[in-house]
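Position 1 is the first residue of the sequence, and the numbers go up from there. Here the structure is a predicted model, which means the values were calculated and not measured.
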Amino acid sequence: MSQPKRIRKVLVANRGEIAVRIIRTCQEMGLATVAVYSDADRGALHVRTADEAVHLGPSPARQSYLVMEKLLDAAKKTGADAVHPGYGFLSERAEFARAVEAAGLTFVGPRPEAMEAMGDRPRARARLRAAGVPVVPGLDGPLAGEAEALERPRQVEIQVFCDERGGAIHLGERECSVQRRHQKVIEESPSPLLDGPLRADMCEVALRAARAVDHRGAGTVAFLVDASRRFWFLEMTTRLQAEHPVTELVTGLDLVRLQLEVAEGAAVPRQDQVVHRGHAVEARIYAEDPARGFQPSHGKITYLRVPGGPGVRDDGGVYGGFVVSPFYDPLLGKLSAWAPDRAQAVARLTRALRDYVVHGIATNVAWLSAALSHPAFRAGQYDTGFCADHAQELLARPDAALEEVALIAAAVAAFRRDHQEAEAAAARAGAVTACGSGWARLGRARGLRGGAP
């Protein structure tokens, strides 16, 4: 076990909503924060949120966010003693973790050895098989027969946390089967598929997988579950996941805080201290146009209204006036909702999406609302083929006619308002002309003529 080390200043080696998310927890813990940014992100929200910010260079990630030397130099210049990689970019690059530690800094993430162990997929699967973890058939070679093919699979992942002291816990599961082109779009916890015994089995296997690579910090073990409720290991990500808010909502834990505490050498909570309550659903808001094949939408956000209300959480990385760049992933943020049960959580998120207004760029907000309202999703009977199977239905937008009526009504109301304001202004102008200027009226009231005493 390494010597505990107190963190005082964190450099967040990322951008967008995840950088904002990490910075906010650091500030709650009394830790100083350093943001990094490219040319395109000079006015980004994570730059505005952090205590300090360091310019990395040109907009392309390969010239800024992916240059290890620039990130380490930024940490050195600002006196940061820890680096949080977020997700994406360098978050699962073992060489970056080693470089951070070699520079005498704390890497808020797993050991480089664990990253390498899971990064080499064939060796990782062999290692996990030896540890008794069932691995998806066909990943390392052809299927033995039809019996091994997965039928309408669902993707369910288990959040795990491990510390330097050998402690390992799970924080339950997330259902991530609503995917478009293998990209998760809607996630929820708990999964509507799992019951108590199946959940217990999957969580135990997930911990077995984490221990097999001597993992530290946050990790996610993903499984495929078939129609017969058999499950197999798919992959393990050795970092924080984009969908972590749903786990936080149902457990009440701050996973970024837990990451920082484990990086300092603290122990994870006991398993019996992790209490699950209610249901949470998350939708990813993308700057893309579903009607045009989900083509990314770039440009200035001229207006942004983020919803609120009980149980609604926004993990956003943009603001009104921000320019969405073509250089990065078009994720604007994640909108989540919590409620005592699944039906209420889905209804709450659907309502929140109706209140989410973005002007200036196209988004997938209406598509997400259609997905949440689909009978298959409402019934919890969906799989990884959901988006493809119901593609036309989700694009139909049955409320389009009502939206057109609403736009016409708004235009008529605006015309009437403008007309009434014009009439009122004309009436006021006529009154002034008839009565003369204010000075003249004052003079008449005092019995003055022509300004003479």
Residue pair His374, Glu393: steps toward the side-chain hydrogen bond (donor to acceptor under 3.5 Å, both in side chains) verdict:
CA-CA 9 Å; His374 194 279; Glu393 300 169 64; 2.9 Å; yes

In Å, rounded to the nearest 0.5 Å, how long is the span from [atom1] of [X] to [atom2] of [Y]?
X	Y	atom1	atom2	result
Phe223	Met236	CZ	CE	10.0 Å
Arg154	Asp383	CZ	CG	7.0 Å
Ile18	Asp329	CD1	CG	12.5 Å
Leu332	Ile285	CG	CD1	7.5 Å
His244	Thr251	NE2	OG1	10.5 Å

Kindly indicate, with the supporting measurements, whether the criterion side chain to side chain contact (heavy atoms under 4.5 Å, CB included) is fulfilled by Thr363 and Tyr286.
CA-CA 6 Å; Thr363 71; Tyr286 284 100; over 6 Å; no

Got a donor-acceptor contact below 3.5 angstrom from the [X] side chain to the [Y] backbone?
X	Y	result
Gln271	His170	yes
His215	Ala218	yes
Asp289	Ala362	no
Asp41	Ala44	no
Ser177	Gln155	yes
Lys70	His55	no
Arg127	Ala117	no
Ser64	Ser38	no
Arg229	Leu193	yes
Lys334	Asp314	no

Please determine whether a side-chain nitrogen of the Lys or Arg among [X] and [Y] lies less than 4.0 Å from a carboxylate oxygen of the Asp or Glu.
X	Y	value
Asp201	Arg199	no
Arg313	Glu282	no
Asp214	Arg111	yes
Lys76	Asp81	no
Arg24	Glu28	no
Arg98	Glu116	yes
Asp272	Arg270	yes
Glu188	Arg174	no

Closest approach of [X] to [Y] (non-hydrogen atoms, all atoms of both residues):
X	Y	answer
Ser91	Gly86	CB-O, 3.4 Å
Leu45	Gly317	CB-O, 3.6 Å
Val312	Pro307	CG1-O, 4.1 Å
Gly43	Phe322	O-CD1, 4.2 Å
Cys176	Glu187	SG-CG, 3.8 Å
Pro269	Ile169	O-CG2, 3.2 Å

Check against side chain to side chain contact (heavy atoms under 4.5 Å, CB included), Leu253 and Leu171:
CA-CA 9 Å; Leu253 295 171; Leu171 305 181; 3.8 Å; yes

Should the heavy atoms of other residues, nucleotides or ligands under 6.0 Å from CZ of Arg305 be counted, would the total exceed 12?
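Yes - once you tally the heavy atoms of other residues, nucleotides and ligands closer than 6.0 Å, there are more than 12.
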
Flag yes if more than 12 heavy atoms outside Arg342 fall under 6.0 Å of its CZ atom; otherwise flag no.
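Yes, CZ of Arg342 has more than 12 neighbouring heavy atoms, counting only those of other groups under 6.0 Å.
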
Hey, does [Y] have a side-chain heavy atom less than 4.5 Å from the side chain of [X]?
X	Y	value
Pro190	His279	yes
Phe233	Val205	no
Ile22	Asn14	no
Val133	Arg208	yes
Gln392	Leu394	no
Arg180	Glu288	yes
Asp226	Pro153	no
Arg216	Glu164	yes

How far apart are the C-alpha atoms of Arg93 and Glu95, what are their side-chain angles, what is the distance that settles it, and do they pass the salt bridge (charged side-chain N to carboxylate O under 4.0 Å, His left out) test?
CA-CA 5 Å; Arg93 296 273 289 273; Glu95 60 267 37; 2.8 Å; yes

Check step by step if salt bridge (charged side-chain N to carboxylate O under 4.0 Å, His left out) holds for Lys184 and Glu157.
CA-CA 12 Å; Lys184 303 169 190 174; Glu157 57 189 33; 2.8 Å; yes

Start with the C-alpha gap between Glu248 and Arg21, add the side-chain angles, then the distance that decides, and say whether salt bridge (charged side-chain N to carboxylate O under 4.0 Å, His left out) holds.
CA-CA 12 Å; Glu248 293 185 326; Arg21 164 73 188 90; 2.7 Å; yes

Return the set of residues passing side chain to side chain donor-acceptor pair (under 3.5 Å) with Tyr356 (not counting sequence neighbours), or none when no residue passes.
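In terms of side chain to side chain donor-acceptor pair (under 3.5 Å), with neighbours along the sequence ignored, Tyr356 is linked to no residue.
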
Donor-acceptor pair between Tyr319 and Arg48 side chains, under 3.5 angstrom
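Yes, Arg48 and Tyr319 have a side-chain donor paired with an acceptor closer than 3.5 Å.
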
Do we see a donor-acceptor contact under 3.5 Å between the side chains of Gln241 and Arg239?
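Note: Gln241 and Arg239 side chains meet the donor-acceptor criterion.
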
Pair Tyr328 + Tyr65: ring centers closer than 6.0 Å:
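Yes.
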
Does the gap between the ring centers of Phe377 and His390 come in under 6.0 Å?
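No: the rings miss the under 6.0 Å criterion.
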
Under 6.0 Å from the six-membered ring centre of Tyr37 and within 45° of its axis: does the NZ or CZ of Arg15 meet both?
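Pair Arg15/Tyr37 does not count as cation-pi.
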
Carefully, step by step, assess Ser336 and Leu249 under the rule side chain to side chain contact (heavy atoms under 4.5 Å, CB included).
CA-CA 9 Å; Ser336 307; Leu249 287 171; 3.7 Å; yes

Start with the C-alpha distance between Val12 and Val34, add both sets of side-chain angles, then the distance that settles side chain to side chain contact (heavy atoms under 4.5 Å, CB included), and finish with yes or no.
CA-CA 6 Å; Val12 182; Val34 180; over 6 Å; no

Kindly write out the residues that satisfy salt bridge (charged side-chain N to carboxylate O under 4.0 Å, His left out) with Asp39, not counting sequence neighbours, or none if the list is empty.
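Scan of Asp39 (salt bridge (charged side-chain N to carboxylate O under 4.0 Å, His left out), adjacent residues dropped) gives Arg42.
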
